[in-house]
Amino acid sequence: MANKKVIVGLSGGVDSSVAAYLLIQQGYDVEAMFMQNWHDTTGTLHGDCPWKDDLTIAKLVAKQLNIPFHFIDLSADYRKKVVDYMFSEYEKGRTPNPDVLCNREIKFDAFLKACEDLGADYVATGHYCRKDSIMVNGVETHRLLAGSDPNKDQSYFLCQLSQKQLSKALFPIGHLLKPEVRDIAKQLNLPTADKKDSQGICFVGKVDLPVFLQQQLKAKKGDIIELPKDYKPTSSVIARRNDEAISSLGEDNANLRLLRFARNDGNGDGLTQLALPYSFSPTNGKVIGQHNGAHFYTVGQRKGLGIGGHIESLFVVGIDVESNLVYVGEGHEHAALNRPALFIKNNETHWIRPNLQMNADDERDYLVRIRYRQPLQKAKLICRTEGIYIVFDEPQRGITPGQFAAWYDGEELVGSGVING
RNA sequence: UGACCUAUGGUGUAAUGGUAGCACAACAGAUUUUGGUUCUGUUUGUCUAGGUUCGAAUCCUGGUAGGUCAA
């Protein structure tokens with residue numbers, strides 16, 4: 001029986017190098033392919049062109065491991081599927097996650113197809129996550145599992161993959177800890193052994209985001225409005241709640257009491273209200289400075305406002321690209337920065353496990369994260385025809401439209417969706 | 001234009017006449033394959049001109065600027 005053929009996406013980093021080595025050990029027929037997705041240096045810090053170094057190193061690794069090496073230029077796809085999406089999201093005042101898209105559209109789509117054209121059965125990457133397969137009603141079903149290194153788990157970035165994509169994916173280092181991967185690379189004396197971990201947008205590199213975005217989005221001066229410390233969210237059940245009434249409902253958790261209250265809300269739209277982003281108006285606060293364009297900011301952001309004189313740091317609590325306003329609040333605990341719930345539109349939800357997909361009026365408890373490396377949060381998912389509401393046990397700081405919420409059952413990533421608000 | 005008050009880094013503030021400190025911002029490094037968060041570190045100041053004093057941010061005088069009350 002011929003060995004299964006795997007093509008590794010060799011990036012020039014340690015993780016994919018070790019992944020390639022492990023696949024060889026496992027007896028696969030291994031080849032390597034380096035993908036170039038970006039060659040523009042506009043807005044790049046240090047202005048150099050790191051991908052050339054990466055390519056050289058990737059070639060060295062392939063040579064040392066004695067595997068065939070391929071090169072592919074996917075920058076046209078990358079620009080269309082990832083960079084254009086970034087710009088359009090920022091333009092709408094949302095904060096996109098390019099790396100999630102990069103995995104869905106490039107590594108496990110365009111790149112995968114190129115590998116299949118070369119006769120590959122699988123594509124492998126150096127992601128810190130794991131995969132296994134179970135039978136569900138006689139159908140083989142793949143599960144996406146967190147990487148064993150709790151510090152490096154990258155399953156979040158793969159939260160938009162489909163069963164089909166997963167069926168072709170291998171993650172050879174997902175069961176290892178980062179130091180173990182480094183050790184293997186050192187023992188093999190791989191040129192990547194001591195290479196620093198990459199950072200920044202996966203192929204673009206570390207950029208000065210405002211500069212990068214200004215290629216497409218015009219700078220436009222506007223007001224920064226500070227909401228007072230005693231700000232109370234308006235136009236939501238939160239404002240209308242009567243604390244005594246809620247506490248008498250008998251739930252021991254404040255957010256779940258809110259949820260009970262929302263459900264009993266006379267207007268029948270309590271849940272919607274609970275998950276609604278706070279809507280701010282200039283009359284809620286006062287102008288304390290100027291910014292260069294509301295779409296360059298993101299909810300939860302602390303740096304880059306350039307306004308001092310406060311006891312605690314200012315955080316962006318909301319942006320309004322229509323009126324070009326940035327709303328800020330002082331301190332982590334500011335009421336406007338913390339919310340009990342969020343909403344994901346029906347057509348922006350994605351289930352890695354189709355058989356676990358929720359239907360209208362289903363409710364389920366999951367562990368949720370709303371950004372990379374955030375500790376998993378207990379939450380209740382409530383499905384309605386319009387989409388999924390996620391009500392957290394604890395209020396969440398910096399719920400950011402455009403980012404992905406990913407829900408887990410233990411270590412398995414079950415589904416994800418774009419945070420609508 | 002009459003009286004009174006104030007003037008300290010980029011911002012907000014602290015210092016019985018005795019080494020100008022804190023917070024925020026900014027910058028740098030660490031962490032992080034998104035945005036961003038978090039941690040560590042660094043830089044920057046007594047409005048101006050005189051005077052009193054061993055010694056002035058502090059006391060005195062003039063100037064300048066801002067504010068409050070006065071029509």
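Note on naming: letters A, B, ... go to the chains in the order of the sequence lines (proteins, then strands), and numbering restarts at 1 for each one.
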> State which residues pass side chain to side chain contact (heavy atoms under 4.5 Å, CB included) with A/Asp132; sequence neighbours excluded, sorted by chain then number.
A/Arg143, A/Leu145
> Taking ring pair (Phe, Tyr, Trp, His ring centres under 6.0 Å) as the definition, give me every residue that meets it alongside A/Phe343, ordered by chain and number, with sequence neighbours left out.
A/Tyr389
> Apply side chain to side chain donor-acceptor pair (under 3.5 Å) to A/Asp99 and list each qualifying residue two or more places apart in sequence or on a separate chain.
none
> Using a 4.0 Å cut-off on heavy atoms, which residues in residues 95-102 of chain A reach RNA chain B? List them by number, or say none.
A/Thr95, A/Pro96, A/Asn97, A/Pro98, A/Asp99
> Name all residues meeting the ring pair (Phe, Tyr, Trp, His ring centres under 6.0 Å) criterion together with A/Phe392; count only those two or more places apart in sequence or in a different chain, and write none if there are none.
none
> Hey, is A/Lys152 close enough to A/Asp197 for a salt bridge, meaning N to O under 4.0 Å?
yes
> Toss me the dot-bracket line for RNA chain B: Watson-Crick and G-U wobble, both under 3.5 Å, 5' to 3', using | for pairs to another strand and [ ] for crossers.
.((((((..((((....[..)))).(((((.......)))))....(((((..]....)))))))))))..
> Show every salt bridge (charged side-chain N to carboxylate O under 4.0 Å, His left out) that has at least one partner inside residues 157-174 of chain A, sequence neighbours left out.
A/Glu116-A/Lys168
> Can you list, by residue number, the residues of residues 396-421 of chain A that have a non-hydrogen atom closer than 4.0 angstrom to RNA chain B?
A/Thr400, A/Gln403
> Could you tell me whether A/Lys5 and A/Asp121 have a side-chain N and a carboxylate O separated by less than 4.0 Å?
no
> Taking only residues at least two apart or on different chains, which pairs with a member in residues 84-133 of chain A satisfy ring-ring contact (aromatic ring centres under 6.0 Å, His included)?
A/Phe87-A/Phe212
> Mapping A/Val299 and A/Leu314 onto RNA chain B by nearest heavy atom, which one lands closer to the 5' end?
A/Leu314
> Are A/Thr95 and A/Thr400 close enough that a side-chain donor and a side-chain acceptor fall under 3.5 Å?
no
> May I have all residue pairs that pass salt bridge (charged side-chain N to carboxylate O under 4.0 Å, His left out) and include part of residues 304-323 of chain A, sequence neighbours excluded?
A/Lys229-A/Glu312
> By side chain to side chain donor-acceptor pair (under 3.5 Å), which residues pair with A/Lys92, not counting sequence neighbours?
A/Glu89
> Return the residues of residues 300-313 of chain A meeting this criterion: a heavy atom under 4.0 Å from some atom of RNA chain B. Order them by number, or give none.
A/Gly300, A/Gln301, A/Arg302, A/Lys303, A/Gly304, A/Leu305, A/Gly306, A/Ile307, A/Gly308, A/Gly309, A/His310, A/Ile311, A/Glu312, A/Ser313
